[in-house]
Each structure stands twice: as C-alpha cells, then as structure tokens.
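Here the structure is laid out as structure tokens; the discussion comes afterwards.
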Amino acid sequence: MPAALRTILASPTPLPERVILAAQALLLTSGLADDAAVLAHFARYLASSARAPADAVHALLRLRPRPRCAHPFNALISHLTLSGDPSSAFHTFAVLAAGGDAGRPDGHTLPAALKACARLGGGLREGLQAHAVAAKGGFLGRLPVRNALVTLYGACGECGDARKVFDEIARPDVVSWTAMMSAFIRGGRFTEALRVFFEMDVAPNEGTLASVLVACGRLGVVRTGKAVHGWHLKREREMKLIVGNAVLGMYAKCEKLDLARRVFDSLLARDIVSWTVMLSGLVNCRLPSEALELFNEMQTSGVKPDKVVLSTVLSACASLGALESGRWVHEYIERKGIEWDVHVGTSLVDMYAKCGCLESSLSVFYKMPIKNVSSWNALINGFALHGHGREALEYFDRMVASGLHPNEVTFIIVLGACCHTGLVQEGLLLFESMKNVYNLSPWEEHYGCMVDLLGRAGLIQEAYGLIKVMPMTPAVFTWGALLSACQAHGRVDFSQQILRHVHELESSGSGVYVLLSNVFAVSDRWTDVKRVRGLLSEKGLRKEPGSSVIEVNGKTSEFIVGQKSHQDMDEICTMISILMKQIHLEGL
Ligand SMILES: *[C@@H]1O[C@H](CO)[C@@H](O)[C@H](O)[C@H]1NC(C)=O
C-alpha cells in the first residue's frame, strides 16, 4: 500500500473531500481498488471520517470500476451501524441490493443489513425488504441470516414473526436461542422467554444468562433466578460483570435485597450499573436510608455518580424527608456541572416539595430548562401534600396555560388537593374536564378521590351514585371513604342501602366485607355485623387478617376485626384512604 494512502487511512480526524478524492485516485492508480481487503479498509475509513455518512457511500460508488465484490460494502454497512447511523447503513445496503454494476449482496451482507434494520427502531419496513432480498438471493439457509432475522423481528416487537423464523432453524445455536429470548423479553412476554430458556439444548453464554435473569426478575420468580445463579456459580469460578449485574438486578426486582446485597458485595469490580441497580433496588423496596448509606459508600469507591444515580438518591431523600442530604446532592450537581435534564430537575423539585421546602422546590422548578408533565406533577403534589390546595389548583392552571396536557397522575394529585381542602365545586369541574376535555379515562383512584370528596361534603347520595356508575369494581378504599362519610354525617341508614348492593360485588378479596363489618361494629349495629359475617361465609371468603398489629413510635396497637369499637376508627378509615392514594401515587 502506498505510504500516502496508509497515512490517509490512519488519520483519526475527518479529512476534507479533496483528500478523500486523492485517496480514491491512489487506490485506482495503484491497482489496489481490486484488493477487497484494502477497499474494506477504505470503506471503514470513509464511514468514520466523512462529514456526512452518505458521502462515504457515494465515495465508494464513485470508484471506477466499481468494487465487484460486496466486501467493502459489508464493511461500510457494519461500520455505519456500529457508529450509530443505521439509516445510512441501510441506504448502502439498498444501493447494493439494487444491483447494477455495484456488485451483489453476499452471505455477509444480509446479517449486517438486518442488524442495521434492528437498530433503526421500528425499522420493520426496511427489515421486510432485507428479508425479501435474503429470500431472493437464497441466503435464508444461512444461520447468521436467520439469527439476524430473529433479532430484527424481536427488535420490532414482532414476537410471532421472530418465533416463525426461529422455528424454521434446523439447529439453533446459542445466538438463535438468545435472540428468541430477547424477542420475548422485549415484547413483555417473560413467561415465554423462560420457556425458551428451558427448551434450550446448547450451553448458554453470558448474554443468554443476562436475558433469562431479566425474565426472572420481571416475573418475580426468585427460585428460578436463584437456580440460574447457582448453576452459573458451579460452572464459573468468577462471575463476569454482565452476569453479576444481571443477577443483582434479578434479586432487586424480586425484592430480595439481602441476596442482592450479597451479590453486590461479592463483585470484584463494580461499575456504574452495579451501583445503580443496587441503589434503585433499595429505593424501590422503600429502604431509603440504606440507599443513602450505600450512596456514601459509593463516593469513596471511585465510581462517579451519574444522573440516574443522583435522581435515585434524590428520591430516597424525598421519601425520608432528608433535606440535608438532598441539598448536598443539589450542590453536588451544581458543583460538577451535571446537566439538568428533565429527570434530574424533576427529582430535585420532588425532593424539595416532599421535604416541605416549597420555595426551593419552586425556584428549582423555574430553573429547569426543560419541564414535562412529571415535573409539574412533582411541584403541584408538593402544594397538595402540605395543605395548599388552592395553590395546587393555581399551578395546575398555569401548567395548562403553558400548553401541557395534564395526565392521570396530575388528576389524582389535584383531585386529592380538592378533597383535603374541601373544594367540592372545583373537584367536580376537574373530574368532568378530565373526561371531556383531556380525554382521560378515570382510574379507580380518581373515583375513590371523588367519592371521598363528595362524602366529606355530606353529598352521600351523589358519592354513592358515582360508585354505582364506576366501570370497575370499587376498591376497599372507595367503600371506606363512603362508609366513613356515612358515619361522619350520621347516615347509618344509608349504610344499609349499601349493604344490599354488596351482594352484587364480585370482589376478589374479602377486604370490603371486613371493612363493612368493622364500620358496623363501631356503630353498634350488631345485626348488620352478623349479616356481613354471614355474607363472608356464604361467599366462601376467608376473613383476613383476623387481627393486625402495628407499631407507632415504639408503641404497638392491635386491631382486631369486629372489635366492638376503637376510639379513632373514623380517623383510621380516613387515614387508610389517604394512604392508599399515596401508595398508588408513589407506585407510578
Ligand atoms: C418526563 O421526562 C422524564 C425523563 O425523560 C420521563 O422519565 C417521564 O416519563 C416524562 N414524563 C411524562 C409524563 O412524559
């Protein structure tokens, strides 16, 4: 290879068009244009150095005579895909597939092209074209082509087509099996992914193990996950990080934090993924103080926290009300100049809001360069949580004025604000606008909120009317809200009417009955209690739990179903309904 060409090909920086042309000339005059390996090298070079990737394709096509074999094109396709430009990669493939004097796709072209389609994100149309080319060119018998097709259909969410191609493979290899599992995982069909794993008759590789562990985690089948973990431990003395992180993630998703922690501690090297998985596992399992402790460890570990970690830590601070730590994270973000994306900004707003620093929450909110509905929700929720119902509604209006559409969570927040501030009219209007203006279908939580709102205002008939038109089975907290309203407004007569409809309830658990019997027991309506109890046994429902013990500030109280009375029953019922709403909110 001429020295000049070697220098050009070795250049790490983009070169001007005329240098590329000079390189082409050199290729031709030196006779190297016939050398497929040199051309492939040239193609890779073009892909990484041309200003626009399309230029690379053209440069390759401008060679006269054109390369006769597909090798340089294949190199270009793979390289473009790897460097994040699958669309130019597909374009290169399309040129090649169109035929003419540019050579023809060969056995290596199709897997490369299909990979490009899979990376396109919804590149099903392109993928189908490539599939057709593969069929026409007689490449479907090749395993790499079939494997790439399985991967492609999986990436496009077409599990059925992936399975069809997979089933036609005579002897699937580990790549085929893993591609099939990933297709099911991407399609959310975790049970089927597991089934594929159990059907597998070749040794899994690390990618396979990582996939099966994801499926176990999503299904919450810790025993299967443990078996995979154990199986791997027996074969390999050392766990590779990719498998280690997957095992960690599986235990975290299954909420086995102690096991996750053990794996975490046993990892020889931890990367940012390991820390992120462990931290978010702790936060999701509502162990925020452990999460903060771990974050302190992380700071001495040398792994720098990224935006995801910082947002996770902020949500731990938010649930703990740990303002000091939250402020520290805020300062850290400022000090390190970490970019304020929507996620980080919203976590900061939420942390200050939940810690009760509404001013800081607001000032962070205004500093956010980009906000979305979640950011507004965090802010509005801050006002709602701290009893500023009117401000919550005011910011709701501002959000709408800014052109954003509220979502279901927004309405849970504002309806909750109306409920706790007694803004009946506003609540009714919001509930209507939710359905008619924003085209959102109310969830159980919204109905529950409205029942609570109407009930508290003494509009028991209206609240009951709403329960009757709910499209879903009312949950315990909805009945609880109505029943405590009946009590608060001395409408035990109305409770009887409710009782008649209890028969119609095909409730999955016995929660409603237990709650009803409690409420009646409190009101000393023992005949009614007996009727509810009768219902319990008639429907073959087990009463659960018979009693529950809770600890508050070191003191334990025991609640027994049907106990004659409890001095705070009223408040307890209300509290339960608030808590249920909060749990649903947090879970989102
Ligand atoms: C707001 O942006 C964050 C971060 O990109 C995202 O996770 C969240 O789902 C977005 N919220 C909505 C309602 O789109």
Side-chain angles (χ1 to χ4, degrees), residues 69-71 73-75 77-78 81-82 86 89-90 93-94 96-97 99 103-120 123-216 224 227-228 231-232 235-236 242-243 246:
C69 77
H71 190 47
F73 288 94
N74 298 346
I77 294 171
S78 299
T81 307
L82 276 181
F90 183 77
F93 166 72
L96 189 61
R104 301 232 168 264
D106 65 9
H108 299 290
T109 313
L110 265 307
L114 289 166
K115 252 177 225 147
C117 298
R119 287 280 183 89
L120 271 173
L124 186 58
R125 197 169 49 86
E126 291 84 354
L128 288 172
Q129 284 176 34
H131 193 161
V133 171
K136 211 167 128 219
F139 296 117
L140 282 187
R142 289 167 170 264
L143 190 55
V145 174
R146 283 201 193 266
N147 286 349
L149 278 169
V150 176
T151 305
L152 163 80
Y153 286 123
C156 296
E158 305 285 335
C159 298
D161 288 323
R163 182 82 215 200
K164 215 152 71 193
V165 176
F166 177 82
D167 283 341
E168 284 164 7
I169 301 177
R171 284 228 228 115
D173 64 358
V174 62
V175 179
S176 334
W177 288 101
T178 308
M180 193 59 239
M181 278 174 60
S182 309
F184 279 134
I185 287 172
R186 186 171 268 259
R189 291 155 68 167
F190 304 111
T191 314
E192 274 146 298
L194 265 194
R195 200 172 301 145
V196 170
F197 180 72
F198 288 122
E199 282 169 17
M200 196 168 164
D201 54 6
V202 294
N205 63 18
E206 280 140 24
T208 326
L209 292 177
S211 295
V212 71
L213 288 165
V214 168
C216 292
T224 313
V228 174
W231 181 87
H232 184 65
R235 308 193 127 218
E236 309 281 333
I242 171 179
V243 181

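Note that CG of Leu82 is 12.0 Å distant from CD1 of Ile77, once rounded to the nearest 0.5 Å. Between the CD atom in Glu236 and the CH2 atom in Trp231 there is a gap of 8.0 Å [rounded to 0.5 Å]. Note that the NE2 atom of His131 and the CG atom of Leu149 stand 4.5 Å from one another [nearest 0.5 Å]. Distance check: Met200 CE to Met180 CE gives 13.0 Å after rounding to the nearest 0.5 Å.
Residues Ala130 and Leu114 approach most closely at CB-CD2, 3.6 Å, considering heavy atoms. Scanning all heavy atoms of the two residues, the minimum distance from Phe166 to Pro172 falls at CE1-CB, 4.0 Å. Heavy atoms only, all atoms of each residue included: Thr81 and Ala89 are closest at OG1-CB, 3.4 Å. The two atoms that bring Ala97 and Val133 nearest to each other are CB-CG2, 4.1 Å, heavy atoms only. Taking both residues in full, the closest heavy atoms of Ala193 and Ile185 are given as CB-CG1, 3.7 Å, listed atom of the first, atom of the second, then distance. The heavy-atom pair separating Ala183 from Ala162 by the smallest distance is CB-CB, 4.0 Å.
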Verdict with reasoning, Arg163 to Phe184, per side chain to side chain contact (heavy atoms under 4.5 Å, CB included): CA-CA 9 Å; Arg163 182 82 215 200; Phe184 279 134; 3.9 Å; yes

Test log, rule side chain to side chain contact (heavy atoms under 4.5 Å, CB included), inputs Phe90 and Gln129: CA-CA 10 Å; Phe90 183 77; Gln129 284 176 34; 3.5 Å; yes

Candidate pair Leu143 and Ser176, rule side chain to side chain contact (heavy atoms under 4.5 Å, CB included), full reasoning: CA-CA 8 Å; Leu143 190 55; Ser176 334; 3.9 Å; yes

Full working for side chain to side chain contact (heavy atoms under 4.5 Å, CB included) between Thr151 and Ser182: CA-CA 8 Å; Thr151 305; Ser182 309; over 6 Å; no

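Side chains of Phe93 and Leu110 form a contact here, defined as non-hydrogen atoms less than 4.5 Å apart. Side-chain contact between Val212 and Pro204 is absent, with no heavy-atom pair separated by less than 4.5 Å. Within the 4.5 Å cutoff, side-chain heavy atoms of Cys216 are placed close to those of Leu194. Side-chain contact between Thr109 and Asp106 is present, with heavy atoms from C-beta onward closer than 4.5 Å. With a 4.5 Å cut-off on side-chain heavy atoms, Glu206 and Leu209 do not count as touching. Put simply, the side chain of Ile169 reaches to within 4.5 Å of the side chain of Asn147, judged on heavy atoms.
A donor-acceptor pair is defined here as one N or O able to donate and one able to accept, closer than 3.5 Å; such a pair exists between the side chain of Arg146 and the backbone of Leu140.
Within 6.0 Å of NE2 on His108 lie no more than 12 heavy atoms contributed by other residues, nucleotides or ligands. The neighbour count for Arg189 CZ, taken as heavy atoms of other residues, nucleotides or ligands under 6.0 Å away, is above 12.
Two rings, from Trp177 and Phe197, have their centers 6.0 Å or more apart.
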